[in-house]
Amino acid sequence: MSKEEFPNEKNLDKKDPAPKKKTKNDKKTEEKKSAVKNESEQLKEQIAELTKKNKDLEDRYLRSEAEIQNMQNRYSKERAQLIKYQSQDLARDILPAMDNLERALAVKADDDASKQLKKGVEMTLEALVKSMKENGIVEIEADGKKFDPTLHQAVQTVAAENDDQKDTVVQVLQKGYKYKDRTLRPAMVVVAQ
């Protein structure tokens with residue numbers, strides 16, 4: 001074999017000095033690569049846009065969930081309050097009737113018929129007071145107690161006999177009542193100043 005048939009190592013390292021001409025296949029391949037690149041960029045933009053939209057929707061969803069939870073909590077509290085104080089309006093309506101029964105008992109009874117009538121009124125009042133207590137409605141103790149504006153309504157003031165009597169209730173004009181932890185009607189009182 002001659003040297004001409006086998007190229008030497010120097011010839012192998014050399015590149016072909018003549019540039020290749022682009023064929024139709026090469027042009028199509030480049031166009032496909034360019035199209036794929038453009039499509040890839042468009043897809044990346046779509047992904048970024050959809051990711052942002054997804055985050056916005058997730059944020060809206062979480063806010064809506066929180067708002068619904070707050071509404072349910074508020075509804076539960078309001079319902080508990082309604083249940084707790086359901087007898088309040090009825091009690092307010094009954095209090096004037098109790099006042100009238102107490103005034104009827106204050107009238108002096110002379111004959112047997114009026115004494116029996118007074119006894120009936122007394123029994124009616126006792127039954128009312130008992131049922132009110134069973135439902136959490138109690139009389140506010142006022143006579144001789146320190147004046148409390150949340151429980152008492154000062155209608156009149158009188159001069160105090162000594163320093164210990166200052167800001168003390170000396171007379172109850174109308175009884176006050178509490179329902180659980182609420183004041184249904186403050187006691188109308190005379191306070192020493």
Side-chain angles (χ1 to χ4, degrees), residues 52-109 112-193:
K52 184 179 181 235
K53 192 173 184 179
N54 186 26
K55 284 182 182 178
D56 289 345
L57 289 173
E58 185 178 5
D59 183 53
R60 272 200 228 161
Y61 168 76
L62 291 174
R63 288 178 189 273
S64 297
E65 275 293 312
E67 189 173 331
I68 289 170
Q69 189 68 33
N70 289 341
M71 286 172 50
Q72 286 176 342
N73 290 341
R74 187 171 52 247
Y75 173 74
S76 295
K77 285 179 185 177
E78 288 174 2
R79 186 167 167 79
Q81 288 284 350
L82 285 173
I83 291 170
K84 183 176 181 182
Y85 298 110
Q86 67 186 358
S87 302
Q88 183 173 336
D89 292 334
L90 176 63
R92 274 200 193 109
D93 293 342
I94 291 175
L95 291 178
M98 289 178 61
D99 293 338
N100 290 335
L101 290 173
E102 288 173 355
R103 285 187 200 101
L105 289 174
V107 175
K108 191 172 185 180
D112 287 338
S114 59
K115 285 181 183 178
Q116 287 179 348
L117 183 62
K118 189 172 182 177
K119 182 67 176 169
V121 169
E122 191 176 305
M123 290 171 60
T124 305
L125 181 63
E126 286 174 8
L128 267 174
V129 169
K130 181 182 176 200
S131 63
M132 297 280 265
K133 281 182 183 177
E134 287 173 355
N135 287 293
I137 300 160
V138 292
E139 182 183 335
I140 296 172
E141 294 183 30
D143 201 16
K145 300 286 183 183
K146 190 92 169 147
F147 177 73
D148 181 357
T150 60
L151 301 174
H152 308 123
Q153 181 179 357
V155 178
Q156 185 179 351
T157 58
V158 294
E161 294 174 9
N162 54 37
D163 286 342
D164 294 340
Q165 200 179 24
K166 276 192 174 183
D167 291 331
T168 304
V169 175
V170 291
Q171 183 183 0
V172 178
L173 301 176
Q174 183 183 43
K175 291 180 180 180
Y177 292 91
K178 281 176 66 172
Y179 179 55
K180 297 185 181 179
D181 57 347
R182 286 188 178 176
T183 302
L184 278 178
R185 180 178 77 185
M188 295 176 112
V189 295
V190 177
V191 181
Q193 288 285 320

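Position 1 is the first residue of the sequence, and the numbers go up from there.
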Side-chain atoms of residues 186-193: list all donor-acceptor pairs with protein atoms under 3.5 Å, sequence neighbours left out, distances to 0.1 Å.
residue : atom : partner : partner atom : Å
Gln193  : NE2  : Asp167  : OD1          : 3.4

I'd like to check the salt bridge (charged side-chain N to carboxylate O under 4.0 Å, His left out) partners of [X]; sequence neighbours left out, ordered by chain and number.
X      : answer
Lys175 : Glu102, Glu139
Asp89  : Arg92
Asp56  : none
Arg74  : none

Discussion item. Under the criterion side chain to side chain contact (heavy atoms under 4.5 Å, CB included), I'd like the reasoning laid out for Met132 against Leu184: C-alpha separation, chi angles, the key distance, then a yes or no.
Written reply: CA-CA 12 Å; Met132 297 280 265; Leu184 278 178; 5.8 Å; no
Let me confirm one number: the [atom1]-[atom2] distance from [X] to [Y], rounded to the nearest 0.5 Å.
X      : Y      : atom1 : atom2 : answer
Asp148 : Thr183 : CG    : OG1   : 8.0 Å
Arg182 : Ile137 : CZ    : CD1   : 12.5 Å
His152 : Asp143 : NE2   : CG    : 9.5 Å
Met71  : Glu78  : CE    : CD    : 10.5 Å
Arg103 : Leu105 : CZ    : CG    : 11.5 Å
Asn73  : Ile68  : CG    : CD1   : 12.0 Å

Worksheet item: Glu67 and Arg63: side chain to side chain contact (heavy atoms under 4.5 Å, CB included), yes or no, with the steps?
Response: CA-CA 6 Å; Glu67 189 173 331; Arg63 288 178 189 273; over 6 Å; no
Discussion item. On a heavy-atom basis, which atom in Gly120 and which in Thr124 lie closest, and how many Å separate them?
Written reply: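 Scanning both residues completely, I find the closest heavy atoms to be O-OG1, 2.8 Å.
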Response to the item:
In terms of heavy-atom contacts, Tyr177 and Met98 come closest through OH-CE, 3.6 Å
Practice prompt. List for me each residue that meets side-chain hydrogen bond (donor to acceptor under 3.5 Å, both in side chains) alongside Asn162, sequence neighbours excluded, and say none if there are none.
Written response: none
Item to complete: Count the heavy atoms belonging to other residues, nucleotides or ligands that lie under 6.0 Å from NZ of Lys180, then report whether that count exceeds 12.
Response: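 Yes, the 6.0 Å shell around NZ holds more than 12 heavy atoms from other groups.
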Fill in: More than 12 heavy atoms from other groups under 6.0 Å of CD on Glu122
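Enclosed: over 12 neighbouring heavy atoms sit under 6.0 Å from CD of Glu122.
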Practice prompt. Output yes when a side-chain donor or acceptor of Lys133 lies under 3.5 Å from a complementary backbone atom of Val138, and no otherwise.
Written response: no
Worksheet item: Under the 3.5 angstrom rule, does the side chain of Lys118 hit a backbone N or O of Lys108 as a donor-acceptor pair?
Response: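 The answer is no, because no donor-acceptor pair under 3.5 Å joins these two groups.
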Worksheet entry | Side chain to side chain, Ile140 and Lys145, heavy atoms closer than 4.5 Å | no
